[in-house]
K.L.:
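This is the structure I have questions about; it appears just below.
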Amino acid sequence: MYVAVSSPGPGLVDAAVLDADGGELERVHLASDEFPAWAAEREREHPRWVWADTKRWYPLLLRAGVRVERCLDLRMCRLILRTAAAAAGTGLARAPRDRWDDPAHTVPAASDALFELAEPEPDGDPAEELRRQRAAIAESAAPGRLTLLTAADSVGALVAVELEHAGLPWDAERHDRILVELLGERVPGGRPARMEALVAEIRAALDDPDVNPDSASTLLKSLQRAGLRVGSTSKWELREHDHPVVQPLLAYKRLARLYTANGWAWLGEWVRGGRFRPVYVPAGVVTGRWASDGGGALQLPKQVRAAVVPDPGWKLVVADAAQLEPRVLAAMSGDAAMARAGRAHDLYQGLVETGAVETREQAKYGMLGAIYGGTTGESGRMRPRMERAFPRAMAFVESAARAGEAGEVVSTWLGRTSPPGRDAAYDETRSYDERARARSDGRAWGRFTRNFVVQGTAAEWALCWMGALRRMLWELGGGDADPRPLTERPHLVFFLHDELIVHAPAELADAAADALRAAAAEAGRILFGSAPVEFPVTVAVVDSYADAK
DNA sequence: ACACCCGGCGCC
DNA sequence: AGGGCGCCGGGTGT
């Protein structure tokens, strides 16, 4: 059963109850303040909620204590189906663009007046769009995979709202102590004490009393004046030089980064009531990875992770999928030798044991080179060995790279398709330089498509992991029979590409850890069936994020 | 004043 | 001449 909801105007909700084929059974019109109670009643039957934007509808249900089991985020699904190679030629793919193709409108975070502020619904009825999308999937070359992909992206959208609702437990006092310890005392209107001291050292070492180390262009000139032959102010270059400015400047850069990105200003803006609430953008990256739009959740530096602390009587259960991308590549390509190497908990060590490479470092760089398209350094040197030992995996990524170079699209395991490449057609009329540029662009696009298939499929695995885990945690917390809201049970509080954090009452932490492992195994089965590839996760029950791994 | 880009660097 | 991001301050253009 589906329930398709939309808002025909301020303060109004239109809900259509549909059968499994999308046929309309009933339509109700509600005032928006009646909607959560109506939805809570409906949710007992576990319908699939169908709406234009999960971010617009789900927060107000969660605030009213209504947890939703499943949904379809029509705007996300439209984008998938609009661009999927497997759905090319379907009615939906051929239809002219309409407002369902527009990017999601952003709703002011934490607004209580959601309906009043929201823009009008897109043209047309969500029930109608659902039928259009179902038809496109049925007509497509990969109905099973596209059904899974649309469901997986949609459960991701639910999780994103739940993460924002729950927030990541954050101890602002501990964060402040970390900042004071590293940066020195806070100075109103100026740099923190230790940073200012380093600026003085830098100026003395350069004999330039006014230089501002935050200004790359003037700093570069000053460095060159002082006799350093550098082309940039990057730490990679600086650390190759022996000059009294190098040590204080590198130290300053480290502190400046912390101060500007995750210092007191960040703390004041993003942490409230003991929770960090970043803005997630599910499928915000072309590969299907999540992006973020505020708060920098996906770049949380290790320096401040000690401030992530569970509530009293609760634990953090931190899980990380071990070498996810190589394992995904082994499964997609059907490379039995690589799959065998992955029987080891540490796939890189497994590669060493096959005899293909001598050291774990070589294994790691060899794998990363295969996935990213590296040709230089250690990854370039490992390439022939990798090709000999893992011919199917290497051929798989090579073929994705060649497709990109030829201007063709590539698709992930579930069918998310890369953006169209530039036409690489050979043009005799172009100059030598132009052709060289075109070849270089073509190779760059090949590295993008090579990585796209692996990164995108890893993102799909992560969505399946979250989706499975989410159900398991709900059951662990008592399921539907228990009236407690989401945040009073074991629940997800953080997601970072291949890493999850669960906040759980201490007595349920071990069970949550088991669920994290079981959900990983289930994700592997959902995507790859009985393929002999394992997806181990390292799990730690901790009292601070910094104590994991 | 605002919008935009860039260098640099944090994360995966 | 290794993929994907977001954020910051500085710098430039309007």
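In what follows, every chain begins at residue 1, and chains take the letters A, B, ... in the order their sequences are listed. Quick caveat, the model's predicted, so the values are computed rather than measured.
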K.L.:
Rounded to the nearest angstrom, tell me the gap between atom CG in A/Asp293 and atom P in B/dC11.
P.N.:
21 Å
K.L.:
Using a 4.5 Å cut-off on heavy atoms from C-beta on, say whether the side chain of A/His491 contacts that of A/Leu473.
P.N.:
no
K.L.:
Could you name each residue pair satisfying side chain to side chain donor-acceptor pair (under 3.5 Å) that touches residues 181-210 of chain A, not counting sequence neighbours?
P.N.:
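Output for this query lists A/Arg191-A/Asn212, A/Arg191-A/Asp214, A/Arg191-A/Tyr252, A/Asp208-A/Ser222, A/Asp208-A/Arg225.
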K.L.:
What integer distance in Å separates A/Asn212:CG from B/dG8:C1'?
P.N.:
14 Å
K.L.:
Could you list the residues that satisfy side chain to side chain donor-acceptor pair (under 3.5 Å) with A/Glu237, not counting sequence neighbours?
P.N.:
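A/Glu237 satisfies side chain to side chain donor-acceptor pair (under 3.5 Å) with A/Ser232 once adjacent residues are dropped.
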K.L.:
Ion pair present between A/Arg289 and A/Glu325, side-chain N to carboxylate O less than 4.0 angstrom?
P.N.:
yes
K.L.:
Figure out the CH2/C1' separation between A/Trp290 and B/dC12, and round it to whole Å.
P.N.:
14 Å
K.L.:
In whole angstroms, how far is the P atom of B/dC12 from the CD atom of A/Gln299?
P.N.:
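It works out to 10 Å between those atoms.
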K.L.:
Name the nucleic acid region contacted by A/Ser379, choosing base, sugar-phosphate or nothing; use a 4.0 angstrom heavy-atom cut-off, strictly under.
P.N.:
nothing
K.L.:
Base, sugar-phosphate or nothing for A/Arg383? Non-hydrogen atoms, less than 4.0 Å.
P.N.:
nothing
K.L.:
Begin from the C-alpha positions of A/Phe535 and A/Leu527 and carry the test side chain to side chain contact (heavy atoms under 4.5 Å, CB included) through to its verdict.
P.N.:
CA-CA 12 Å; A/Phe535 291 94; A/Leu527 284 187; over 6 Å; no
K.L.:
Sequence neighbours left out, what passes side chain to side chain donor-acceptor pair (under 3.5 Å) with A/Trp413? Give chain and number order.
P.N.:
none
K.L.:
Using whole Å, what does the distance between atom P of nucleotide B/dG8 and atom CG of A/Leu223 come to?
P.N.:
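Going from CG in A/Leu223 over to P in B/dG8 covers 10 Å.
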K.L.:
Grab the CZ-C1' distance between A/Phe494 and B/dC12 for me, whole Å please.
P.N.:
10 Å
K.L.:
Taking 4.0 Å as the cut-off, does a side-chain nitrogen or oxygen of A/Lys235 come that near to OP1 or OP2 on B/dG7?
P.N.:
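Indeed not, no polar side-chain atom of A/Lys235 lies that close.
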K.L.:
For a quick check of understanding: with a heavy-atom distance under 4.0 Å over all strands, which category does A/Gly295 fall into, base, sugar-phosphate or nothing?
P.N.:
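The answer is sugar-phosphate, as A/Gly295 gets under 4.0 Å only of primed atoms, P, OP1 or OP2.
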K.L.:
Please work out if A/Gly294 contacts a base, only the sugar-phosphate, or nothing of the nucleic acid, heavy-atom cut-off 4.0 Å.
P.N.:
sugar-phosphate
K.L.:
At a heavy-atom distance below 4.0 Å, what parts of residues 177-202 of chain A sit against DNA chain C?
P.N.:
none
K.L.:
Has A/Arg383 got a side-chain atom pairing as donor or acceptor with A/Thr375's backbone, closer than 3.5 angstrom?
P.N.:
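Between the backbone of A/Thr375 and the side chain of A/Arg383 there is no qualifying donor-acceptor contact (under 3.5 Å).
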K.L.:
Would A/Thr412 and A/Thr457 satisfy side chain to side chain donor-acceptor pair (under 3.5 Å), going step by step from the backbone distance to the final call?
P.N.:
CA-CA 5 Å; A/Thr412 61; A/Thr457 304; 4.7 Å; no
K.L.:
Any heavy-atom pair between the side chains of A/Phe495 and A/Val159 that's under 4.5 Å?
P.N.:
no
K.L.:
Nearest whole Å is fine: how far is B/dG10 P from A/Leu250 CG?
P.N.:
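Rounding to the nearest Å, CG of A/Leu250 and P of B/dG10 are 11 Å apart.
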K.L.:
Verify the contact: side-chain N or O of A/Thr233 to OP1 or OP2 of B/dG8, cut-off strictly under 4.0 Å; return yes or no.
P.N.:
yes
K.L.:
Would you mind reading off the distance between A/Met466 atom CE and B/dC12 atom C1', rounded to a whole angstrom?
P.N.:
14 Å
K.L.:
Under 4.0 Å between any heavy atoms, over every strand shown, what does A/Gly296 touch: base, sugar-phosphate, or nothing? Just pick one.
P.N.:
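Sugar-phosphate, backbone atoms only, no base.
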K.L.:
Using the heavy-atom set of chain A and a strict 4.0 Å cut-off, write down the first and last nucleotide of DNA chain C that makes it in, 5' to 3'.
P.N.:
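Both ends considered, the range comes out as C/dA1 to C/dG11.
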K.L.:
I'd like to know whether the aromatic ring centres of A/Trp266 and A/His175 sit less than 6.0 Å apart in this structure.
P.N.:
yes
K.L.:
Just to be sure I understand the geometry, which residues of residues 252-264 of chain A put a non-hydrogen atom under 4.0 Å away from DNA chain B?
P.N.:
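The stretch gives A/Lys253, A/Arg257 as the residues lying under 4.0 Å from the strand, ordered by number.
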K.L.:
Can you tell if the side chain of A/His241 reaches within under 4.5 Å of the side chain of A/Leu223, non-hydrogen atoms only?
P.N.:
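A/His241 does not reach A/Leu223 side chain to side chain.
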K.L.:
Evaluate A/Glu398 against A/Arg450 for side chain to side chain contact (heavy atoms under 4.5 Å, CB included), listing each step before the verdict.
P.N.:
CA-CA 7 Å; A/Glu398 268 310 307; A/Arg450 169 197 294 266; 2.7 Å; yes
